[in-house]
Amino acid sequence: MSTSGPTSDSYYVRTGEHRFKPTSHAGGAWHDDEQHFSPLGGLIVHAIDHHTAARPHGEMVLGRISFDILGSPALDECEIRVETVRPGRTIELVEATVLMADRPLVRARAWNLAVLDSSSVAGGGAEQLPHPDTLAPWPLSTVWRGGYIDSVNVRPLTEPRPGRTTAWISSRVDLVAGEAASPLASFVALVDTANGIAVRQPPTAWMFPNLDLTVHLHRQPQGRWAGLDTTVVFGDTGQGLTSTVLHDLAGPVGHARQILTVRPQDPPSP
């Protein structure tokens, strides 16, 4: 296992032009030797940001990103390869692949859209959430374990209920050591937490990891807080769905969804 020490103030350390090593802060909630996907999703956006910074045409912003999680990410060094699949002046499609030991682990596709002035017709969406400074913290470590869970500050609007929670979340940890991350990358690094704040069943009895994460944005998020207005539904044939309205301090910014595989935990060995 290749991780930097627990005293690091970042989730990742860059080890090469396209390579990153996780710290203990990226530790997963299901297993100690895995990464939590939330910071990894933010790292992928960070890599895309670096790739698109050199585009020859005008300013663009991310409108949608979808992550397909092909396997459990070990707490080990990875490589992220990014390419532009469909270049354009008004829309472009970018693909990122995370590899670990030369094996594809995550594939992500991001649609970027040209920045235009639509302020005269802007509107719609959910109501603004109460400010996190008015809310009490909730230790997510009472439900989950792992380095990532220990790194976040969670403030629910009301008492969390099975399958339904609205909460603010922020992190005290930088995304990549010594590098400035965009507000978008830092925001996406928190979004996958949605599946853990509104659990329908205790994770000690049932497993419900997500196989994907798709984020749609109608506005670019700003600030260090992500608001997650989350609903979790379990079906009766082993599937589940986590749906979240995403907020920053100024109001709603978009939606996120995660498909879940729902199955009972293996009983302990006698």
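Bear in mind the structure is a predicted one, so any value in this text is a computation, not a measurement. Positions are given from 1 along the sequence.
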K.L.:
Any non-hydrogen side-chain atom of Val94 less than 4.5 Å from a side-chain atom of Val85?
P.N.:
no
K.L.:
Verify, without hydrogens or angle tests, whether Ser151 (side chain) and Val173 (backbone) share a donor-acceptor contact under 3.5 angstrom.
P.N.:
no
K.L.:
Are Val215 and Leu113 linked, directly or through other ILVMFWY residues, by side chains that come within less than 4.5 angstrom of each other?
P.N.:
no
K.L.:
From Asp212 CG over to Thr214 OG1, what is the distance, rounded to the nearest 0.5 angstrom?
P.N.:
5.0 Å
K.L.:
Please determine whether side-chain hydrogen bond (donor to acceptor under 3.5 Å, both in side chains) holds for the pair Thr237 and Gln239, giving the CA-CA distance in whole Å, both sets of side-chain angles, and the decisive distance to 0.1 Å.
P.N.:
CA-CA 6 Å; Thr237 55; Gln239 297 88 50; 2.7 Å; yes
K.L.:
Going by heavy atoms in the side chains, are Phe20 and Ile80 under 4.5 Å from each other?
P.N.:
yes
K.L.:
Specify the closest pair of heavy atoms between Pro156 and Ala167, including all atoms of both residues, with the distance to one decimal.
P.N.:
CA-CB, 3.6 Å
K.L.:
Is it true that, when you exclude Arg86 itself, more than 12 heavy atoms of the residues, nucleotides or ligands shown sit nearer than 6.0 Å to its CZ?
P.N.:
yes
K.L.:
Taking the side chain as every heavy atom from C-beta outward, state whether Val199 and Val143 have any pair of such atoms under 4.5 Å apart.
P.N.:
yes
K.L.:
Looking at Glu92 and Arg55, is any side-chain nitrogen of the basic one under 4.0 Å from a carboxylate oxygen of the acidic one?
P.N.:
yes
K.L.:
For Tyr12 and Gln35, test the side chains for any donor-to-acceptor distance below 3.5 angstrom and give the result as yes or no.
P.N.:
yes
K.L.:
Is the side chain of Asp174 donor-acceptor paired with the backbone N or O of Val176 at a distance under 3.5 Å, no angle test?
P.N.:
no
K.L.:
Find out if a path of hydrophobic residues (ILVMFWY) with successive side-chain heavy-atom gaps under 4.5 Å connects Trp225 to Val253.
P.N.:
no
K.L.:
With a 3.5 Å cut-off and no angle check, do the side chains of Gln265 and Thr204 form a donor-acceptor pair?
P.N.:
no
K.L.:
Can a salt bridge be assigned to the pair Glu79 and Arg19 using a cut-off of 4.0 Å between side-chain N and carboxylate O?
P.N.:
yes
K.L.:
State, with a plain yes or no, whether a side-chain heavy atom of Thr193 is found less than 4.5 Å away from one of Val191.
P.N.:
no
K.L.:
Checking Arg164 side chain against Thr230 main chain: does a donor-acceptor pair fall under 3.5 Å?
P.N.:
yes
K.L.:
Consider side chain to side chain donor-acceptor pair (under 3.5 Å). Of Arg219, Gln222, Arg224, which one does Asp248 pass it with?
P.N.:
Arg219
K.L.:
Would His46 and Glu179 satisfy side-chain hydrogen bond (donor to acceptor under 3.5 Å, both in side chains), going step by step from the backbone distance to the final call?
P.N.:
CA-CA 10 Å; His46 185 65; Glu179 299 184 18; 2.8 Å; yes
K.L.:
As a quick check of understanding, evaluate side chain to side chain contact (heavy atoms under 4.5 Å, CB included) for Thr97 and Val106, giving each step before the final call.
P.N.:
CA-CA 6 Å; Thr97 303; Val106 181; over 6 Å; no
K.L.:
Mind checking whether His36 and Tyr148 have parallel, tilted or perpendicular rings, split at 30° and 60°?
P.N.:
tilted
K.L.:
Which atom pairs, donor and acceptor, lie under 3.5 Å between side-chain atoms of residues 59-70 and protein residues at least two apart or in another chain?
P.N.:
| from | atom 1 | to | atom 2 | distance (Å) |
| --- | --- | --- | --- | --- |
| Arg64 | NH2 | Ser66 | OG | 3.3 |
| Arg64 | NH2 | Arg109 | O | 3.4 |

K.L.:
Give me the atom names and distance for the closest heavy-atom approach of Ser38 to Ala189.
P.N.:
OG-O, 2.9 Å
K.L.:
Would you say Thr142's side chain and Pro139's backbone share a donor-acceptor pair under 3.5 angstrom?
P.N.:
yes
K.L.:
Does Leu260 reach the side chain of Pro209, with side-chain heavy atoms less than 4.5 Å apart?
P.N.:
no
K.L.:
Of all the heavy-atom pairs spanning Leu190 and Ser171, show the shortest one and how long it is.
P.N.:
CD2-CB, 4.0 Å
K.L.:
Using only atom types and a distance under 3.5 Å, with no angle test, would you say the side chain of Thr242 pairs donor to acceptor with the backbone of Asn195?
P.N.:
no
K.L.:
Hydrogens and angles aside, do Asp229 and Thr166 bring a side-chain donor and acceptor to less than 3.5 Å of each other?
P.N.:
yes
K.L.:
Taking only residues at least two apart or on different chains, which pairs with a member in residues 249-259 satisfy side-chain hydrogen bond (donor to acceptor under 3.5 Å, both in side chains)?
P.N.:
Asp192-Gln258, Ser243-Arg257
K.L.:
Do you know which two heavy atoms are closest between Val98 and Cys78, and how far apart they sit?
P.N.:
CG1-CB, 3.9 Å
K.L.:
Does Met207 share a hydrophobic cluster with Leu140, counting links as ILVMFWY side-chain heavy atoms below 4.5 Å and allowing steps through other members?
P.N.:
yes
K.L.:
Evaluate the side-chain hydrogen bond (donor to acceptor under 3.5 Å, both in side chains) criterion for residues His25 and Ser10: first the C-alpha distance (whole Å), next the side-chain angles of each, then the deciding distance (0.1 Å), finally the verdict.
P.N.:
CA-CA 7 Å; His25 293 305; Ser10 66; over 6 Å; no
K.L.:
Walk me through whether Leu246 and Phe187 qualify under side chain to side chain contact (heavy atoms under 4.5 Å, CB included).
P.N.:
CA-CA 10 Å; Leu246 302 171; Phe187 186 90; 4.1 Å; yes
K.L.:
Assess the pair Trp30 and Phe37: is the distance between their ring centroids shorter than 6.0 Å?
P.N.:
no
K.L.:
Do His131 and Leu249 make a side-chain contact, defined as non-hydrogen atoms from C-beta onward lying under 4.5 Å apart?
P.N.:
yes
K.L.:
Counting only N and O atoms by type, is there a donor-acceptor contact under 3.5 Å from the side chain of Asn153 to the main-chain atoms of Ser170?
P.N.:
no
K.L.:
Output yes when a side-chain donor or acceptor of Ser118 lies under 3.5 Å from a complementary backbone atom of Val121, and no otherwise.
P.N.:
no
K.L.:
Tell me whether the rings of Phe208 and Phe234 are parallel (<30°), tilted (30 to 60°) or perpendicular (>60°).
P.N.:
tilted
K.L.:
Are there more than 12 heavy atoms of other residues, nucleotides or ligands under 6.0 Å from atom CZ of Arg263?
P.N.:
yes
K.L.:
I'd like to know if the side chain of His31 and the backbone of Asp33 have a donor-acceptor N/O pair within less than 3.5 Å.
P.N.:
no
K.L.:
Of all heavy-atom pairs between Ile44 and Ala96, which one has the smallest distance, and what is that distance?
P.N.:
CG2-CB, 3.9 Å
K.L.:
Is Arg145 paired with Asp32 through a side-chain N to carboxylate O contact shorter than 4.0 Å?
P.N.:
yes
K.L.:
State yes or no: do Leu228 and Trp168 share one hydrophobic cluster built from I, L, V, M, F, W and Y residues joined by side-chain heavy-atom distances below 4.5 Å, directly or via other members?
P.N.:
no
K.L.:
Heavy atoms only: give me the nearest Ile149-Ser141 pair and the separation to one decimal.
P.N.:
CG2-N, 3.8 Å
K.L.:
What distance separates Thr244 OG1 from His247 NE2, expressed to the nearest 0.5 Å?
P.N.:
10.0 Å
K.L.:
Taking Gln220 for the side chain and Leu184 for the main chain, is one N or O donor matched with an acceptor at less than 3.5 Å?
P.N.:
no
K.L.:
With clusters defined by side-chain heavy atoms of hydrophobic residues (ILVMFWY) lying less than 4.5 Å apart, directly or transitively, does Leu75 cluster with Leu99?
P.N.:
no
